[in-house]
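Hydrogens, waters and symmetry mates play no part in the numbers below; they use all other heavy atoms, side chains included. Small disclaimer: the values here were computed from a predicted structure and weren't measured. Sequence lines set the chain letters: A, B, ... in the order given, protein chains first and strands last, and positions in each chain run from 1.
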2 protein chains.
Amino acid sequence: MAKQVVPESDRRRRRPTKQGAVLSERLIVETALRMLREHGAGGLTARRLGAALGADPSTLYRYFTGMDDLTLAIGEELIGRALSGWTATGDWRPDLRELGLGIHRAYLAHPHAAVLTASRVSGRPRELEADEAILRVLRTAGFPDPAAVRIYHAFIDQSLAFAALDAAALALPAAARASDEDMWESTYAHLPPDTHPHIAATAPLLAARMKDSAYPAALDMLLDSAGLQLAAATG
Amino acid sequence: MAKQVVPESDRRRRRPTKQGAVLSERLIVETALRMLREHGAGGLTARRLGAALGADPSTLYRYFTGMDDLTLAIGEELIGRALSGWTATGDWRPDLRELGLGIHRAYLAHPHAAVLTASRVSGRPRELEADEAILRVLRTAGFPDPAAVRIYHAFIDQSLAFAALDAAALALPAAARASDEDMWESTYAHLPPDTHPHIAATAPLLAARMKDSAYPAALDMLLDSAGLQLAAATG
DNA sequence: CCGACAGCGTCAATGGCGTTGGCATAAGGT
DNA sequence: ACCTTATGCCAACGCCATTGACGCTGTCGG
């Protein structure tokens, strides 16, 4: 008992602006998004965001309860954009592919949001909307309910899991990523073929793939399997 | 022109201990793993790790070049644990399934470690061994190199990504998980069918699946697609 | 045998981070 | 006029990773 579920007014932001203000929640989120795009997830700090806005970092706390609140607002904004830029064509495979890439892209900006969404049942409107959309695509395509639910679960968790992973990699300082490339050149690319023949044989292919996220490929493979299950069910 | 490329001796560790030392690389990694398991990724700091070892934080820099180097060593240790309990049977599908579940399980035991180490190229022996094993299974099974590399990449990243996600869910306090079930009961299970018909229609199935990890299903789907690609390649 | 040296550990300091409390100011509502 | 409230800045606190100077101790070459 005494679950102490925060009554939402505690985590709510302050009232809408009435007086003449230089900043605004909207302006802050947009500036934060620009910083994320230009400098990566690790480049977004309260101090730098304040500087970019020409304001003191502490001013941000007039609009958000903390950095966590800010990133949550960013996540809401991004998932909203992902959903608004998506319309079902009736073809389940491209529809799901598009939606998956959109969700992945949306959550890429903040890994914490992805982990929270996947491990908690938030019941936020946007999340409900996304879940409903996925299930609608699957069930109207003819997937039986057990298969639809199984694929839905794998689909959404895969999108969020890869987003969290890829965002963490993106958040690495540039020095670490550069040193990774050096490491690849000095170690992987020149492995003796007698001890590691398969890595040596595929080194160029590995090098080409290492820089990109594996999510698109994983998503396509999931959709492959879904097609298999649909054929088995209807046929 | 600055010094630019570090000649790899900079990122290398110091020579093995000869004199009587209180600490050791092995002891530090094990302590770090315990801290990760007990306090999550955010709980691992140089200061706290030093305190847990009864040493000054700066002492860690005698063994590792920095926190970045430490996390690489942690990943290496976990990969090694997953590999030690695995032997190839020659049947690519159960072999990969077993290996995937092993990697997932290894990282699951130490929450948040996957997200710290994935997508990094450490070039450490254990990691090379795992990569070589996966590629060997795929290539000896007859996968063409491009398909083998594509599947390898999706396979390893998916294992780590789901491990990170599932570990985060597992690390939640019992109170939070209980409140999630309440949230399910109060929100998802009683959604009005006219606004969210597909969630409402599959609510019981969704509820049953929500508690488990989607990784086994996602892994099977990835292997499904791999089988499809193998069949297409071998005619 | 002894001095040089390398491994090991500590101390103090640097610069970055999120966050807080106090204080000023300007706009509304009364 | 008043008071309230929103807004912004300043200084400070306690974290964080990392570094350089300094002492100690064991090993080894002369």
Side-chain angles (χ1 to χ4, degrees), chain A residues 9-29 31-32 35-36 39-74 110-113 168 171-176 179, chain B residues 3 6 9-29 31-32 35-36 39-74 112 116-117 120:
Chain A
S9 50
D10 258 23
R11 81 182 325 283
R12 225 24 283 138
R13 293 182 245 332
R14 282 127 189 97
R15 312 251 206 83
T17 303
K18 287 182 187 175
Q19 310 182 4
V22 178
L23 267 41
S24 71
E25 178 175 336
R26 178 126 200 102
L27 179 63
I28 293 174
V29 168
T31 306
M35 294 186 66
L36 279 175
H39 304 108
L44 178 64
T45 72
R47 298 177 122 89
R48 280 210 271 258
L49 179 55
L53 289 162
D56 192 88
S58 61
T59 311
L60 300 173
Y61 290 80
R62 299 287 180 199
Y63 296 87
F64 303 93
T65 67
M67 261 328 192
D68 199 62
D69 193 25
L70 209 204
T71 53
L72 225 56
I74 292 173
H110 188 47
H112 201 54
L172 285 175
S179 109
Chain B
K3 52 185 181 231
V6 193
S9 52
D10 256 22
R11 106 191 295 282
R12 270 266 50 78
R13 277 175 234 22
R14 281 113 189 116
R15 313 253 206 82
T17 303
K18 285 181 189 175
Q19 308 183 4
V22 178
L23 268 39
S24 71
E25 176 176 338
R26 177 131 202 100
L27 179 62
I28 293 175
V29 168
T31 306
M35 294 186 64
L36 275 176
H39 304 109
L44 179 64
T45 71
R47 300 176 117 88
R48 282 210 270 260
L49 180 53
L53 290 162
D56 192 88
S58 60
T59 311
L60 300 173
Y61 291 81
R62 298 284 180 205
Y63 296 87
F64 303 94
T65 65
M67 278 291 117
D68 191 65
D69 194 25
L70 214 201
T71 62
L72 253 34
I74 291 173
H112 304 107
L116 283 181
T117 147
R120 295 300 310 273

Tell me the interatomic distance from [X], atom [atom1], to [N], atom [atom2], rounded to whole angstroms.
| X | N | atom1 | atom2 | result |
| --- | --- | --- | --- | --- |
| A:Leu70 | C:dT19 | CG | C1' | 14 Å |
| A:Ile28 | D:dA6 | CD1 | P | 16 Å |
| B:Asp69 | D:dT19 | CG | C1' | 16 Å |
| A:Leu49 | C:dT19 | CG | P | 12 Å |
| A:Asp56 | C:dG18 | CG | P | 12 Å |
| A:Met67 | C:dC17 | CE | C1' | 10 Å |
| B:Leu60 | D:dA17 | CG | P | 9 Å |
| B:Asp68 | D:dA17 | CG | P | 13 Å |

Exercise. Which part of the nucleic acid does A:Gly50 contact within heavy-atom distance under 4.0 Å: base, sugar-phosphate only, or nothing?
Worked result: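 Since no nucleic acid heavy atom lies under 4.0 Å of A:Gly50, the category is nothing.
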
Exercise. At under 4.0 Å between heavy atoms, what does B:Ser58 touch on the DNA or RNA strands: base, sugar-phosphate, or nothing?
Worked result: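 Here B:Ser58 touches the bases of the nucleic acid.
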
Exercise. Between D:dC9, C:dT19, C:dG9, which one does the side chain of A:Arg62 approach most closely?
Worked result: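 Taking heavy atoms from C-beta onward, the closest nucleotide is D:dC9.
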
For this session: Among C:dT19, C:dT10, C:dG22, find the nucleotide with the atom closest to the side chain of A:Tyr61.
Result: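 Shortest atom-to-atom distance from the side chain points to C:dT19.
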
Please examine the side chains of [Y] and [X], heavy atoms only from C-beta on, and report whether any two atoms are closer than 4.5 Å.
| X | Y | result |
| --- | --- | --- |
| B:Val29 | B:Phe64 | yes |
| B:Ile28 | B:Glu25 | no |
| B:Leu60 | B:Met67 | yes |
| B:Leu53 | B:Thr59 | no |

Problem set entry | Given DNA chain D, 5'-ward residue of the pair A:Arg47 and A:Thr59, judged by closest heavy atom |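 Looking at DNA chain D, the more 5' nearest nucleotide goes with A:Thr59.
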
For this session: Specify the residue among A:Ala55 and B:Pro57 whose closest nucleotide of DNA chain D lies further upstream toward the 5′ end.
Result: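 The residue closer to the strand's 5' end, by nearest nucleotide, is A:Ala55.
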
For this session: Would you tell me if any nitrogen or oxygen in the side chain of A:Tyr63 comes within less than 4.0 Å of OP1 or OP2 on D:dG8?
Result: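 For D:dG8, OP1 or OP2 has a side-chain N or O of A:Tyr63 closer than 4.0 Å.
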
For this session: Scan A:Thr31, A:Leu44, A:Thr71 and name whichever one has a side chain to side chain contact (heavy atoms under 4.5 Å, CB included) with A:Leu36.
Result: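 That would be A:Leu44; it is the only one of A:Thr31, A:Leu44, A:Thr71 passing the side chain to side chain contact (heavy atoms under 4.5 Å, CB included) with A:Leu36.
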
